[in-house]
2 protein chains.
Amino acid sequence: MKLDSIGRYISSIYRHQSILINKYFEKYGFGSGQYIFLINISKNEGINQKQLSENVKIDRANTNRAIKKLEKLGYIYTVEDKEDRRSRKSFLTEKGKEIIPLVIKDLANITEIMAQGMDDNQREKLLELLQLIEKNIMLEVDNIRKDKCK
Amino acid sequence: MKLDSIGRYISSIYRHQSILINKYFEKYGFGSGQYIFLINISKNEGINQKQLSENVKIDRANTNRAIKKLEKLGYIYTVEDKEDRRSRKSFLTEKGKEIIPLVIKDLANITEIMAQGMDDNQREKLLELLQLIEKNIMLEVDNIRKDKCK
DNA sequence: GTATAATAGTTGCGATAGCAATTAACTAGG
DNA sequence: CCTAGTTAATTGCTATCGCAACTATTATAC
């Protein structure tokens with residue numbers, strides 16, 4: 001068993017997944033860089049960019065760009081937070097609400113493609129292991145970032 | 001269990017992995033976009049770009065750019081294939097051979113960080129499942145590409 | 001209350017990546 | 001041969017992403 005295999009598979013799957021997502025969501029005008037934010041806003045109407053960024057674990061700069069694009073496409077709108085004028089809250093538009101079920105269906109479809117040939121037990125185990133890896137690697141990245149600030 | 005979880009974990013892990021890899025290999029002057037090619041050349045001296053591209057499953061354009069960068073940094077050199085002058089073979093330089101064991105050690109370290117808290121059985125299961133996902137998603141991407149050429 | 005810190009958002013920059021088109025070299029059919 | 005099709009490498013373009021620097025607003029300390 002090769003020691004570097006986990007990372008290589010993750011990379012390969014990620015890139016192919018992005019290609020697939022881009023094809024699926026081409027019809028909506030967005031791609032792999034935006035869909036996750038749209039989904040997250042639909043589950044947390046009124047969320048601000050900082051929270052979004054933490055939820056999806058993507059850099060604030062890219063969160064900002066994704067929001068801008070979704071807004072321009074008409075799927076979301078944003079309003080200034082009255083309590084804290086630095087913050088902007090994001091909401092789904094009617095157009096956004098309409099496509100959410102379709103987007104969720106497409107994502108389920110993609111997941112089904114990826115998990116083809118796995119039984120429920122394997123899928124559950126896989127999710128547990130991926131969750132653990134994410135926790136481990138995020139902790140390490142945080143430590144590196146802290147080290148730099150020393 | 002959320003249906004879109006596998007993809008979300010894959011994305012998050014990939015991005016954090018890239019950050020980690022960039023930190024680890026900063027000292028050599030390359031990052032997440034090149035290391036995989038260096039490793040692959042070390043295991044297949046004389047390989048050409050087409051083969052490399054297929055091995056690491058990265059687009060030929062990026063394979064070309066990675067090779068150029070590794071060559072510029074002095075870790076590899078390339079020579080025209082006498083049998084087929086379109087093709088260029090890649091080899092490690094002495095400088096390249098020197099760092100390979102260190103790069104492999106770093107990669108093992110990163111894998112160890114990611115797999116922390118897993119026993120051997122879990123690691124093996126994980127690799128099997130990742131391998132299956134990669135197979136599934138590559139097949140799907142290939143089908144999409146074929147469809148387009150019809 | 002004012003000066004300093006911290007925080008949310010934003011912008012510029014460089015790295016990684018896929019796709020499409022081009023060039024140069026090889027292969028096969030006539 | 002020589003023309004047409006194929007293939008390896010290359011280049012231009014665009015999208016995604018993290019980091020650093022900056023602005024505007026809020027919170028804290030004195």
Side-chain angles (χ1 to χ4, degrees), chain A residues 11-23 25-26 29-37 47-54 56-73 78-90 138 141-142 144-145 148-149, chain B residues 11-23 25-26 29-37 47-54 56-73 78-90 138 141-142 144-145 148-149:
Chain A
S11 300
S12 174
I13 295 166
Y14 171 80
R15 290 193 314 275
H16 288 91
Q17 176 182 250
S18 298
I19 295 170
L20 216 53
I21 287 173
N22 285 332
K23 292 290 170 199
F25 298 142
E26 207 175 23
F30 55 79
S32 68
Q34 295 82 42
Y35 84 98
I36 188 82
F37 294 98
I47 193 170
N48 67 10
Q49 292 184 24
K50 182 184 184 290
Q51 271 301 319
L52 262 177
S53 193
E54 284 170 15
V56 307
K57 294 162 184 73
I58 289 180
D59 173 70
R60 291 219 282 246
N62 290 301
T63 298
N64 184 275
R65 289 186 270 258
I67 293 299
K68 289 278 171 63
K69 184 159 181 182
L70 289 172
E71 197 170 11
K72 197 172 176 186
L73 286 166
T78 64
V79 294
E80 195 184 82
D81 186 345
K82 293 280 182 292
E83 321 263 308
D84 183 346
R85 286 169 48 227
R86 289 171 301 185
S87 176
R88 294 190 72 78
K89 297 166 154 223
S90 290
M138 283 183 66
V141 169
D142 280 347
I144 286 178
R145 285 179 180 149
K148 203 169 52 179
C149 294
Chain B
S11 299
S12 173
I13 294 166
Y14 172 82
R15 291 194 313 276
H16 287 93
Q17 177 182 250
S18 296
I19 295 170
L20 216 55
I21 286 174
N22 285 332
K23 293 289 169 196
F25 298 142
E26 206 176 23
F30 55 79
S32 66
Q34 295 81 42
Y35 84 97
I36 188 80
F37 293 99
I47 193 170
N48 68 10
Q49 293 184 23
K50 182 185 185 292
Q51 271 301 319
L52 262 176
S53 194
E54 283 170 15
V56 308
K57 294 162 185 71
I58 288 180
D59 172 71
R60 284 201 221 162
N62 291 302
T63 298
N64 184 274
R65 289 185 271 258
I67 293 300
K68 288 277 172 64
K69 184 158 182 183
L70 288 172
E71 196 170 11
K72 197 172 177 187
L73 287 165
T78 65
V79 294
E80 196 184 82
D81 186 345
K82 292 282 182 290
E83 320 265 306
D84 183 346
R85 287 169 50 227
R86 289 171 302 182
S87 175
R88 293 191 73 79
K89 298 167 153 224
S90 291
M138 283 182 65
V141 169
D142 279 348
I144 286 178
R145 285 179 179 147
K148 204 169 51 179
C149 294

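Being a predicted model, the structure only gives us computed values, none of them experimental. The sequence lines fix the lettering, A, B, ..., with proteins before strands; numbering per chain opens at 1.
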**Asked** Does the side chain of A:Asn64 get closer than 4.0 angstrom to OP1 or OP2 of C:dT10 through an N or O atom?
**Response** yes
**Prompt:** Taking only side-chain nitrogens and oxygens of A:Ser87, does any of them come within less than 4.0 Å of OP1 or OP2 of C:dG9?
**Reply:** yes
**Side-chain (A:Asn22) to main-chain (A:Ser32) donor-acceptor, under 3.5 angstrom** = yes
N/O-N/O pairs, protein side and nucleotides 25-27 of chain D side, under 3.5 Å:
{"residue": "D:dT25", "atom": "OP1", "partner": "A:Arg85", "partner atom": "NH2", "Å": "3.2"}
{"residue": "D:dT25", "atom": "O2", "partner": "A:Arg86", "partner atom": "NH1", "Å": "3.2"}
{"residue": "D:dT26", "atom": "OP1", "partner": "A:Arg85", "partner atom": "N", "Å": "2.8"}

**Request:** Give the rounded distance in Å between these two atoms: NZ of B:Lys68 and P of D:dA9.
**Result:** 11 Å
**Request:** Run the numbers on B:Gln17 and A:Ser11 for side chain to side chain contact (heavy atoms under 4.5 Å, CB included), then give the verdict.
**Result:** CA-CA 9 Å; B:Gln17 177 182 250; A:Ser11 300; 3.2 Å; yes
**Item:** Rounded distance (Å) that lies between atom P of D:dA20 and atom CD1 of B:Ile19
**Value:** 11 Å
**Item:** Candidate nucleotides D:dA9, C:dA17, C:dG9, ranked by approach to the side chain of A:Lys50 - the nearest
**Value:** C:dG9
**Fill in**
Out of C:dT7, D:dC17, C:dC19, minimum distance to the side chain of A:Tyr14 belongs to D:dC17
**Prompt:** In terms of base orientation, is C:dA8 syn or anti, with the syn window spanning 90° either side of 0?
**Reply:** anti
**Item:** Donor-acceptor pair present, A:Asn62 side chain and D:dG18 base, under 3.5 Å
**Value:** yes
**Prompt:** Which pair of non-hydrogen atoms, one from A:Leu70 and one from A:Phe30, has the smallest distance, and what is that distance?
**Reply:** CD2-CD2, 4.1 Å
**Asked** Quick one: on DNA chain D, does A:Gly33 or B:Ala61 contact a more 5' nucleotide (nearest heavy atom)?
**Response** B:Ala61
**Item:** Aromatic ring pairing A:Tyr14/B:Tyr14, orientation class (parallel under 30°, perpendicular over 60°, tilted between)
**Value:** parallel
**Request:** Assign A:Gln34 to base, sugar-phosphate, or nothing according to its heavy-atom contacts below 4.0 angstrom with the strands shown.
**Result:** sugar-phosphate
**Message:** Any side-chain to backbone donor/acceptor pair from B:Thr78 onto B:Lys89? Under 3.5 Å, distance only.
**Reply:** no
**Item:** Side-chain donor or acceptor of B:Arg15 paired with backbone N/O of A:Lys57 under 3.5 Å
**Value:** yes
**Prompt:** In whole Å, what is the span from the CD atom of A:Glu71 to the C1' atom of C:dT10?
**Reply:** 14 Å
**Asked** Of all residues at least two apart in sequence or in a different chain, which pass the side-chain contact (heavy atoms from CB on, under 4.5 Å) check with A:Gln51?
**Response** A:Ile47, A:Asn48, A:Glu54, A:Asn55
**Asked** Between D:dG18 and A:Arg60, is there an OP1 or OP2 to side-chain N/O distance shorter than 4.0 Å?
**Response** no
**Asked** For the pair made of CZ in A:Arg15 and C1' in C:dT16, what is the distance, rounded to whole Å?
**Response** 10 Å
**Request:** Check the distance between D:dT16's C1' and A:Leu70's CG and give it to me in whole angstrom.
**Result:** 14 Å
**Request:** Calculate the interatomic distance between A:Leu73 atom CG and D:dA15 atom P; express it in whole Å.
**Result:** 12 Å
**Prompt:** Heavy atoms under 4.0 Å, any strand shown: does A:Ser32 hit a base, just sugar-phosphate, or nothing?
**Reply:** sugar-phosphate
**Asked** Shortest non-hydrogen contact from B:Ile58 to B:Thr63?
**Response** O-OG1, 3.4 Å
**Request:** Would you mind classifying the nucleic acid contact of A:Asn48 as base, sugar-phosphate or nothing, using non-hydrogen atoms under 4.0 angstrom?
**Result:** sugar-phosphate
**Asked** Where the side chain of B:Asn64 meets the backbone of B:Arg60, is there a donor-acceptor pair that is under 3.5 Å apart?
**Response** no
**Asked** What integer distance in Å separates A:Arg65:CZ from D:dC17:C1'?
**Response** 7 Å
**Prompt:** Tell me: CD of A:Gln17 to P of C:dA17, nearest whole Å?
**Reply:** 15 Å
**Fill in**
Scanning both residues in full, the closest heavy-atom pair of A:Arg145 with B:Ile19 reads NH2-CD1, 3.4 Å
**Asked** Quantified as the angle between the terminal helix axes (five pairs each), what is the overall bend of the helix from C:dA6-D:dT25 to C:dG30-D:dC1 to 10 degrees?
**Response** 10°
